[in-house]
Amino acid sequence: MTERWLSTDLHQVWLVVVSAIAIFCAVILIARTVGLRAFSKMSSFDFAVTVATGSVMAAVASSSTSLANGVLALVVLFACQWVVAQLRRRTSFAKVVDNQPIALMVDGEFIAENLTSSRVTESDVYAKLREANVLRMDDVRMVVLETTGEVSVLHGDGPVDEEILGDVRGFDPTRTPAVRDRQSDDVA
């Protein structure tokens, strides 16, 4: 039994090689057909499709799933992604499939309740600040946990335009100097 687990035969090697190349080509072809969004992480659904694509590729490459079934699964996944993207643009369907971005820090101050509700630690945020080359807490305008799970760090001189933060949960433009109201700038 151990020998069977540790070894393979020439037929199986060729099957794995051909399956891996074929499913790789199928992914490229389908992704090129679907467009640039195919592997984006604009929403949690996009991320799920990306992970599922990797799983399908692995299953086909290891010969545990037929090439035809793998290609069919990929076509269905990318079709679902396309449908969801269309629905997100045309209806309030986005509220069903998307998370809402949440402010973790404003003007260098942590928002404790948002950290707790999003299960993010201050250490996690500090790591993202270092990654964004933040040198001083005074330069941090806002840290946002995005719908995809990515963390955005807005830093630098001056306030942030309010329209950039319009959909961020836990953000109140009237309570923070980090934000510049475009309308007041237009009036002035």
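For the numbers below, each heavy atom of this structure counts, side chains included, while hydrogens, waters and symmetry mates do not. This structure is a prediction, so every number in the text was calculated from the model and none was measured.
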With [X], which residues qualify under side chain to side chain donor-acceptor pair (under 3.5 Å), at least two apart?
X: S66; result: N69
X: S55; result: none
X: S63; result: none

With sequence neighbours excluded, give me every ring-ring contact (aromatic ring centres under 6.0 Å, His included) pair touching residues 140-162.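 Found none.
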How far apart are the closest heavy atoms of [X] and [Y], and which atoms are they?
X: V71; Y: A26; answer: CG2-CB, 3.8 Å
X: V56; Y: G70; answer: CG1-O, 3.5 Å
X: S19; Y: A61; answer: CB-CA, 4.3 Å
X: V168; Y: A103; answer: CG1-N, 3.4 Å
X: E146; Y: P101; answer: OE1-CB, 3.7 Å
X: T50; Y: A38; answer: OG1-O, 4.2 Å

- [ ] Dump the intermediate steps for side chain to side chain contact (heavy atoms under 4.5 Å, CB included) on L129 and V143, then the final yes or no.
- [x] CA-CA 8 Å; L129 294 176; V143 176; 3.8 Å; yes
Atom pair [atom1]/[atom2] of [X] and [Y] - distance to nearest 0.5 Å:
X: I111; Y: T116; atom1: CD1; atom2: OG1; result: 11.5 Å
X: S123; Y: L115; atom1: OG; atom2: CG; result: 10.5 Å
X: I21; Y: L67; atom1: CD1; atom2: CG; result: 11.5 Å
X: F24; Y: L29; atom1: CZ; atom2: CG; result: 12.0 Å

Check your understanding: Can you get from L72 to V60 by hopping between Ile, Leu, Val, Met, Phe, Trp and Tyr side chains that sit under 4.5 Å apart?
Key ->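 L72 does not cluster with V60.
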Grouping I, L, V, M, F, W and Y whenever their side-chain heavy atoms are under 4.5 Å apart, do F39 and V49 come out in a common cluster? yes
Excluding F47, membership of its hydrophobic cluster (Ile, Leu, Val, Met, Phe, Trp, Tyr; side-chain heavy atoms within less than 4.5 Å) reads V51
Show me the pairs that pass salt bridge (Lys or Arg N to Asp or Glu O under 4.0 Å) and involve [range], at least two apart or across chains.
range: residues 44-63; answer: R37-D46
range: residues 148-159; answer: K41-E150
range: residues 122-133; answer: K128-E131

With a 3.5 Å cut-off and sequence neighbours excluded, list the donor-acceptor pairs that the side chains of residues 132-140 form with protein atoms.
none

Margin query: Could you check whether any side-chain heavy atom of T33 comes within less than 4.5 Å of a side-chain heavy atom of F78, counting everything from C-beta outward?
Written below: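 Not touching, per the 4.5 Å side-chain cut-off.
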ask   = Under 4.5 Å between any side-chain heavy atoms of R141 and D107, yes or no?
value =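 Sidechains of D107 and R141: in contact.
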Applying side chain to side chain contact (heavy atoms under 4.5 Å, CB included) to S117 and not counting sequence neighbours gives I102, R169
Should L165 and L154 be marked as a side chain to side chain contact (heavy atoms under 4.5 Å, CB included) after you check the CA-CA gap, both sets of side-chain angles, and the distance that decides it?
CA-CA 10 Å; L165 304 171; L154 306 174; 3.7 Å; yes
- [ ] Would you indicate whether E109, at its atom CD, is surrounded by more than 12 heavy atoms from other residues, nucleotides or ligands within a distance under 6.0 Å?
- [x] no
Taken in chain and number order and not counting sequence neighbours, the residues that satisfy ring pair (Phe, Tyr, Trp, His ring centres under 6.0 Å) with F110 are Y126
Residues at least two apart in sequence or cross-chain that pass salt bridge (Lys or Arg N to Asp or Glu O under 4.0 Å) with E113, listed by chain then number, are none
Are V151 and V125 close enough, and set up right, to give a side chain to side chain contact (heavy atoms under 4.5 Å, CB included), and what steps lead you there?
CA-CA 8 Å; V151 175; V125 175; 5.9 Å; no
